[in-house]
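The structure appears right after this line, and notes come after that.
These numbers come from the heavy atoms of this one structure, side chains and all, not from hydrogens, waters or symmetry mates. Remember, it's a predicted structure, so these values are computed and weren't measured experimentally. Throughout, numbering of the chain's residues begins at 1 and tracks the sequence.
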Amino acid sequence: MIDQDPVISNIKTRRSVRDYAGKPVSNEVIESIIDAGIHAPTGFGTQPWRFVVIKDKSIMKQMSGHCKPRLLQQLEGVNTDAAVQFKKMLKTEEFDIFYNAPVLVIVLGSKTAPTTDYDCAMCAQNMMLAAHAMGIGSCWIGTACLVQENPEMMQKLKIPADFKVVAPIIFGYTGTVPAAAPRNNPVITWL
């Protein structure tokens, strides 16, 4: 019964999309996705977020170029099958950490709000669920947080000094949608 609820269905069918059709996403659609995000709960009602919307492919390419070698360093010595495959991709010049998505939205969080990371994560999840409900794919690109190591790039992105990158999310009309990853049974302690 509950599985037939449209909200539960939306949660269970959302996927991290890494293949996008060439169709642009309108500003109106992005604004609707962000509007869903800002309805997330926040600690102390702080609403500590701001958003940077990037459609400029050259900026996304610069960000990708900055993050790829740093990510390779972080993955040094990690030899799981997935990590080995990802490191191969990172070493190719044409690989884009944003998977050629038409839009990148960076959810910024105020450095002064005590629950920024949690608040912005809930905002990001709302945004991805809203996008899915609208037929738009999304993927949280956590590796793009490495852009914070580059003051010039932070300035180019117009990110204020009192804010940090919490959730870089790509959006676009989907190409191939991946199958659902198997889920482990939850570990539950009942008291």
- Task: May I ask you to decide if F95's main-chain N or O and K68's side chain share a donor-acceptor pair within less than 3.5 Å?
- Result: yes
- Taking all heavy atoms of D56 and all of S58, pick out the closest pair and write down the distance. OD1-OG, 2.5 Å
- Is it possible for you to say whether M89 and V84 belong to one hydrophobic cluster, with membership spreading through side-chain heavy-atom contacts below 4.5 Å? no
- Query: So do K88 and K91 actually touch side chain to side chain, heavy atoms under 4.5 Å?
  - Reply: no
- Relative to the ring of W49, is the ring of F51 parallel (under 30°), tilted (30 to 60°) or perpendicular (over 60°)? tilted
- Message: So, taking the atom named SG in C145 and the one named CD1 in I106, what distance separates them when rounded to the nearest 0.5 Å?
- Response: 8.5 Å
- Any side-chain heavy-atom pair from P41 and M122 closer than 4.5 angstrom? yes
- Message: Please check if the number of heavy atoms outside Y118 that lie under 6.0 Å from its OH is greater than 12.
- Response: no
- Message: Would the distance check show the side chain of Q85 and the main-chain N or O of A82 forming a donor-acceptor pair, the cut-off being under 3.5 Å?
- Response: no
- Looking at CD1 of I136 and CE of M128, how far apart are the two atoms once the value is rounded to the nearest 0.5 Å? 14.5 Å
- Message: Distance check, rounded to the nearest 0.5 Å: R14 atom CZ versus Q125 atom CD?
- Response: 5.5 Å
- Message: Run the side-chain contact (heavy atoms from CB on, under 4.5 Å) test on L71 and L146 for me, step by step, so that the C-alpha distance in whole Å, both residues' side-chain angles and the decisive distance to 0.1 Å come before the verdict.
- Response: CA-CA 8 Å; L71 185 55; L146 293 168; 4.2 Å; yes
- Message: Tell me whether D81 at atom CG has more than 12 heavy atoms from other residues, nucleotides or ligands lying less than 6.0 Å away.
- Response: no
- Using the rule that two of Ile, Leu, Val, Met, Phe, Trp, Tyr join whenever any of their side-chain heavy atoms come within less than 4.5 Å, decide whether I169 and M134 are in one cluster. yes
- CD1 on I97 to OG on S64, rounded to 0.5 Å: 4.5 Å
- Cluster link F98 to V17, ILVMFWY, side chain under 4.5 Å: yes
- Query: What's in the same ILVMFWY side-chain cluster as I11, cut-off under 4.5 Å, chained through other members?
  - Reply: V7, L129
- Message: Whether the side chain of T174 engages the backbone of T176 through a donor-acceptor N/O pair (distance < 3.5 Å, no angle test) should be reported.
- Response: no
- With rounding to the nearest 0.5 Å, note down the distance linking CD in Q74 to CG in L90. 10.5 Å
- So, do V165 and V147 sit near enough that their side-chain heavy atoms are less than 4.5 Å apart? yes
- Query: So how far is it from N100 CG to M60 CE, rounded to the nearest 0.5 Å?
  - Reply: 8.0 Å
- Task: Identify the two heavy atoms, one from V107 and one from M127, that lie closest to each other, and give their separation to 0.1 Å.
- Result: CG2-SD, 3.8 Å
- Report yes if some heavy atom in the side chain of I170 is under 4.5 Å from a heavy atom in the side chain of C139; otherwise report no. yes
- Item | Where at least one partner belongs to residues 151-181, residue pairs that pass ring-ring contact (aromatic ring centres under 6.0 Å, His included), sequence neighbours excluded | none
- Query: Counting distance only, does the side-chain N/O of K164 pair as donor-acceptor with the main-chain N or O of T116 below 3.5 Å?
  - Reply: no
- Item | Under 3.5 Å side-chain donor-acceptor pair for T13 and H132 | yes
- When every non-hydrogen atom of R50 is compared with those of P160, the smallest separation belongs to NH1-CG, 3.1 Å
- Where K156 and Q62 come nearest, the two heavy atoms and their spacing: NZ-OE1, 2.8 Å
- Kindly work out whether a path of hydrophobic side-chain contacts (I/L/V/M/F/W/Y, heavy atoms less than 4.5 Å apart) joins W140 to V103. yes
- Query: Any idea which heavy atoms bring A83 and V78 closest together, and the distance?
  - Reply: CB-CG1, 3.6 Å
- Message: If only side-chain N and O atoms count, and only distance matters, is there a donor-acceptor pair under 3.5 Å linking T42 with D119?
- Response: no
- Message: Please check: side-chain N/O of R15 versus main-chain N/O of K12, any donor-acceptor pairing under 3.5 Å?
- Response: yes
Validation: residues 26-39 side-chain donor-acceptor distances under 3.5 Å, sequence neighbours left out:
{"from": "S26", "atom 1": "OG", "to": "V29", "atom 2": "N", "distance (Å)": "3.1"}
{"from": "N27", "atom 1": "OD1", "to": "K55", "atom 2": "NZ", "distance (Å)": "2.6"}
{"from": "S32", "atom 1": "OG", "to": "E28", "atom 2": "O", "distance (Å)": "3.2"}
{"from": "H39", "atom 1": "ND1", "to": "D35", "atom 2": "O", "distance (Å)": "2.6"}

- In this structure, are over 12 heavy atoms from other groups packed under 6.0 Å from K111 atom NZ? yes
- Query: Would D96 and K57 count as a salt bridge (Lys or Arg N to Asp or Glu O under 4.0 Å) if you check the C-alpha gap in whole Å, the side-chain angles of each, and the deciding distance to 0.1 Å?
  - Reply: CA-CA 10 Å; D96 170 19; K57 291 288 192 179; 5.6 Å; no
- Test item: E76 and K87 side chains (from C-beta on) under 4.5 Å apart, heavy atoms: no
- Validation row: P178, S16 side chains within 4.5 angstrom (heavy atoms): no
- Task: Decide whether I59 and Y20 are clustered together by the hydrophobic rule: side chain heavy atoms of Ile, Leu, Val, Met, Phe, Trp, Tyr closer than 4.5 Å, transitively.
- Result: yes
- Out of L104, I54, N150, which residue meets the side-chain contact (heavy atoms from CB on, under 4.5 Å) rule with L157? I54
